[in-house]
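The sequence lines fix the lettering, A, B, ..., with proteins before strands; numbering per chain opens at 1.
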Protein chains: 2
Amino acid sequence: MKRHILLYGLLAGVLIVVLRLIEYRYLIATRSVEIYGGLIAAVFAALGIWLGVTLTGRPERVVVKEVSVPAASTFVADPARREALGITKRELEILELMAAGMSNKEIADHIFVSENTVKTHASRLFEKLGARRRMQAINTAKGSGLIP
Amino acid sequence: MKRHILLYGLLAGVLIVVLRLIEYRYLIATRSVEIYGGLIAAVFAALGIWLGVTLTGRPERVVVKEVSVPAASTFVADPARREALGITKRELEILELMAAGMSNKEIADHIFVSENTVKTHASRLFEKLGARRRMQAINTAKGSGLIP
DNA sequence: CCGAAAATCATACCAAAGGGTGACTGTGCA
DNA sequence: TGCACAGTCACCCTTTGGTATGATTTTCGG
């Protein structure tokens, strides 16, 4: 961007010089040397800049730096994916605890509800995920990016 | 590198012009306009090039391209890790099928053994992995790099 | 404020998982 | 040859998981 600004500025300068040359054409006879010199200076400065920019301008070097980006650490739960499957926040919570290897009873104690409630959530979860077992539910949930 | 060669070449040209100017100093009186013009041209061309090079010369841009290096695809089952835990090949086989979300019955049908056999393997597996449930076994196995 | 969705809980039932024990058969190694 | 070990299988029992149904309360948007 900087380059463009510079070039446009210089073009404007050249234009002004040209305009002044035309406007004060009658001065050529009396002050031809100054005008001639200025014109040459402007033209060659522009030429020099053009040369400097085009001939020495290096192509952008793209250094591909392979960075191992662990998918787990960059994981962010996005509600869109969750709601696309019609899974509620609470159900997702239970899903995560199930994925952590907790039993229904442990989950129940962890979130302060009864085991029956956990079972109900789990059942709905399996239905929505098309799974018939814990493991399948967790696998498909991972495949859908629902959990890390 | 190209830029340096160009600069040196132009400097040499300017030097030649200056030398010629000094050498043929006596011509100033008669051909002052041409010499003056040439000098201005050379100086401003050099100035332009310098401007073009220094002001618009882009620094080398390092583009960090984050390439997701999937650790899962590069996973290779190494027997050392397996034997360190005293887990047999057959047990690992069952572990993998369990991780795929298969039930004991499905695993049994898959490897052509009875469900009881699968249960026995599973029990030994849980004991060796210090797990009390399928999920825990799979989680610890993943943590140990036993399975992807 | 009202109704739908979500969350909660219970009860009953059946399937699956897991623990424990014992037994039989290859395979390989001392 | 005999022993250790992996693999196989069976039986029994308990725990956990999953389904079905019904009900109550909470929450939230129109």
Side-chain angles (χ1 to χ4, degrees), chain A residues 77-144 146-147, chain B residues 77-144 146-147:
Chain A
D78 88 286
R81 222 184 287 271
R82 178 175 60 77
E83 283 179 33
L85 291 161
I87 293 170
T88 67
K89 275 177 273 184
R90 197 59 158 170
E91 284 165 354
L92 181 66
E93 199 179 346
I94 270 106
L95 181 65
E96 285 164 352
L97 296 174
M98 280 192 348
M102 294 173 79
S103 68
N104 289 341
K105 185 75 181 66
E106 285 170 339
I107 294 169
D109 291 345
H110 195 265
I111 62 174
F112 305 108
V113 295
S114 81
E115 193 185 343
N116 293 308
T117 306
V118 176
K119 280 188 176 185
T120 308
H121 284 312
S123 277
R124 287 204 233 275
L125 214 33
F126 297 155
E127 193 186 356
K128 285 169 185 173
L129 288 169
R132 298 179 68 248
R133 271 179 290 284
R134 265 168 138 64
M135 293 297 316
Q136 285 182 357
I138 288 153
N139 280 339
T140 54
K142 283 186 181 180
S144 305
L146 222 57
I147 49 175
Chain B
D78 88 287
R81 223 184 289 267
R82 177 175 60 78
E83 283 178 34
L85 290 161
I87 293 170
T88 68
K89 275 177 272 184
R90 196 61 157 170
E91 283 165 356
L92 181 65
E93 200 180 344
I94 270 108
L95 182 64
E96 285 164 353
L97 295 174
M98 281 192 345
M102 294 172 80
S103 69
N104 289 342
K105 185 76 182 63
E106 285 169 338
I107 293 168
D109 290 344
H110 196 264
I111 61 173
F112 305 108
V113 294
S114 83
E115 192 185 341
N116 291 309
T117 306
V118 176
K119 281 188 177 182
T120 307
H121 284 311
S123 278
R124 298 221 180 102
L125 216 34
F126 296 155
E127 193 186 356
K128 284 169 185 172
L129 288 168
R132 299 178 66 249
R133 271 178 290 284
R134 260 169 143 65
M135 293 298 317
Q136 285 182 357
I138 288 154
N139 280 340
T140 54
K142 283 186 181 180
S144 305
L146 220 56
I147 49 175

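If you measure from atom NZ of Lys128(A) to atom P of dG18(D), you get 16 Å, rounded to the nearest angstrom. The interatomic distance linking Glu106(A) (CD) with dT15(D) (P) rounds to 15 Å, in whole Å. Taking atom NE2 of residue His121(A) and atom C1' of nucleotide dT19(D), one finds them 16 Å apart after rounding to whole Å.
In this structure, Asn104(A) reaches the sugar-phosphate backbone alone: every heavy-atom distance under 4.0 Å involves primed, P, OP1 or OP2 atoms, never a base. Residue-level contact check: Thr117(B) touches the bases, meaning some heavy atom is under 4.0 Å from a base atom.
The side chain of Thr120(B) places no N or O atom within less than 4.0 Å of a non-bridging phosphate oxygen (OP1 or OP2) of dT8(D). In this model, the phosphate group of dT19(D) is approached by a side-chain N or O of Ser123(A) to a distance below 4.0 Å at OP1 or OP2. Phosphate proximity of dG18(D) to Arg134(A): present, with a side-chain N or O under 4.0 Å from OP1 or OP2.
Both Ser103(A) and Gly86(B) sit near DNA chain D, but only Gly86(B) has its closest nucleotide nearer the 5' end. With the nearest nucleotide of DNA chain D identified for both Arg132(B) and Lys89(B), Lys89(B) has the one nearer the 5' end.
On the nucleic acid side, DNA chain C has its first and last nucleotide under 4.0 Å of a heavy atom of chain B at dA17(C) to dG19(C), going 5' to 3'.
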Check the pair Ser114(B) / Thr117(B) against side chain to side chain donor-acceptor pair (under 3.5 Å), numbers first and verdict last.
CA-CA 5 Å; Ser114(B) 83; Thr117(B) 306; 3.1 Å; yes
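Between Met98(B) and Met135(A) there is no side-chain heavy-atom pair separated by less than 4.5 Å. Residues Lys105(B) and Asp109(B) form a side-chain contact, since some pair of their non-hydrogen atoms from C-beta on lies under 4.5 Å apart.
Within 6.0 Å of CD on Glu127(B) lie no more than 12 heavy atoms contributed by other residues, nucleotides or ligands.
Taking the salt bridge (charged side-chain N to carboxylate O under 4.0 Å, His left out) definition, one finds that Arg124(B) meets it with nothing, sequence neighbours left out.
Thr88(B) contributes no side-chain N or O that forms a donor-acceptor pair with the base of dC5(D) under 3.5 Å.
Under the 4.0 Å criterion applied to side-chain N and carboxylate O atoms, Arg133(A) and Glu106(B) are assigned as salt-bridge partners.
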